[in-house]
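Atoms within a ligand are numbered from 1 in the order they appear, just like the ligands themselves. All residue numbers refer to positions in the sequence shown, counting from 1.
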Amino acid sequence: MAKQTHRPALLQRLPDRVVGLLREIGRLGDERGCQVYVVGGVVRDLLLGHVTLDLDLAVEGDGIAFARAVSDRYRAGLAVFERFATARLVFPDGLKMDIATTRRESYAQPAVLPTVQPASIEEDLYRRDFTINALAMQLNPGQFGRLLDAYEGQRDLRARTIRVLHAGSFQDDPTRIFRAIRFEQRFGFRLERTTLRLLAQAASTNLIAQLSGPRLQNEILLLFAEHDPVRAIARLAQLKLFRFLHRRLCYTTKVKRVVTAVPKALAWWARRFPDSVIDRPIVYLMALSSESSPLVVAAMIRRLVLSREQAKNVNAGGSRVGRALKRLTNKGTVRRSQIFRLLADLSDEALVLLLAKQVSRQHGVRLSLLKRHLVAYVKNRMIKTALTGRDLQAMGLKPGPQYKTILGKLLDARIDGMITTEADERAFLQKRFGLVG
Ligand code: ATP
């Protein structure tokens, strides 16, 4: 039987509108004759003194029917995943909530998704990854704020320990290996001794290789999306887990330096260009594979089934960024337009990596030079020519590939400050290409 305490004040740390909503949902539970709980990360975070609004609810009864009732009452958007007996709601104010039927899970074979059967809340908590996540608080009136801690989650939170609930946990679901590292590094907790042994054991087998690409991608990118993933990346390396991305992906000293420099590069970029939205996890993945051969990178992209855009970034992270960096930090002058051409097809993520690579080299002078180049380049991206293809047509030039060349030259001249007005542009075209109009 679950260890219980009554902690309604804990739930009251959530914003008032959320507490109000949870109370109403608890009442709806009573109306429909089912027990409703908020479970997992929210309870853990409340006990740690943090407020997160990623609400996971578990219902002893028909979770999907309950989710439909909540969705009807609050006009919340609803997506139902019958196979997993879960539903996701999005409330009109943007609040998200997952509602699931309490269940037990069985794994037909390791590393595949489980089959689920309705079960009690205690059993539902038992199928969870770690004791600190196997906590629930009831929402029904009269029981509002009743804390269920069947597996000593509070003790482990106090001891700052990550502990699995049973010895087969990592075998059942190897994504828990990555989750363990994620929580360990996020909270500065440590893995309990047996849990570490089980994790190392599972990591040394081929279990992770059996995970599907999307599930592995999800875990890797979630880990890299943490506030400071550098130590987590080192932990993955220590446990030799990068071999599951590619057997030749190595965490060499050079790669480690680049990865370690990424937070600095990201911070500089965010300060300088606050409007640029960076896919941070991808920058870490680019840094991690930045010294690998194109063949290794391509295989890693396939293993993780990255999207086209992610793949383009990760591909550029190798030789493209390396070449650009070499040119930009070389002694001797480079024209602004040359820099523009060098960087034009690189994404902002690739530019952050470029900077991180230079930060990792600890060469102050060249780093300042590179930062100046980057600032100038981003500013130059705003520059447009006054004349367009239509003007070239009016000048009697037949449409064709030369349009791109000519307009490119015009843009270069603008970027280099040789011309500044439309009249300058016309004069430039006349002088260089004999075009008049
Ligand atoms: P985060 O703060 O990173 O969102 P979370 O604990 O809320 O962490 P979720 O991935 O949102 O994590 O999962 C919600 C809950 O579902 C977890 O707290 C845990 O109880 C359970 N859970 C999630 N993934 C697993 C898993 N792979 N195995 C067992 N239980 C899991």
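- Arg414 CZ to Leu407 CG: the interatomic distance, rounded to the nearest 0.5 Å, is 12.0 Å.
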Considering only N or O atoms, set out every pair between ligand 1 and the protein closer than 3.5 Å, with distances to one decimal place.
residue  : atom   : partner : partner atom : Å
ligand 1 : 2 (O)  : Arg44   : NH2          : 3.0
ligand 1 : 2 (O)  : Arg186  : NH1          : 2.9
ligand 1 : 3 (O)  : Arg182  : NH1          : 2.9
ligand 1 : 3 (O)  : Arg186  : NH2          : 2.7
ligand 1 : 6 (O)  : Arg44   : NH1          : 2.8
ligand 1 : 10 (O) : Arg179  : NH1          : 3.0
ligand 1 : 12 (O) : Arg179  : NH2          : 3.2
ligand 1 : 16 (O) : Arg128  : NH1          : 3.3
ligand 1 : 18 (O) : Gly41   : N            : 3.1
ligand 1 : 20 (O) : Arg128  : NH1          : 2.9
ligand 1 : 20 (O) : Asn133  : O            : 3.0
ligand 1 : 24 (N) : Arg179  : NE           : 3.4
ligand 1 : 24 (N) : Arg179  : NH1          : 3.3
ligand 1 : 24 (N) : Arg179  : NH2          : 3.4
ligand 1 : 27 (N) : Asp173  : OD2          : 2.8
ligand 1 : 28 (N) : Arg176  : NE           : 2.8
ligand 1 : 28 (N) : Arg176  : NH2          : 3.2
ligand 1 : 30 (N) : Asp129  : N            : 3.1

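- Using bins of under 30°, 30° to 60° and over 60° for the plane-to-plane angle, the ring pair Phe187/Phe189 lands in the tilted bin.
- When only modelled atom types and interatomic distance are considered, Tyr251 and Gln238 share no side-chain donor-acceptor pair under 3.5 Å.
- Across Gln12, His6, Arg13, a single residue satisfies side-chain contact (heavy atoms from CB on, under 4.5 Å) together with Leu10, and that is Arg13.
- None of Arg231, Arg186, Arg179 except one satisfies the salt bridge (charged side-chain N to carboxylate O under 4.0 Å, His left out) rule with Glu226; the exception is Arg186.
- Here CG of Leu113 is found 5.5 Å from CZ of Arg83. Values are rounded to the nearest 0.5 Å.
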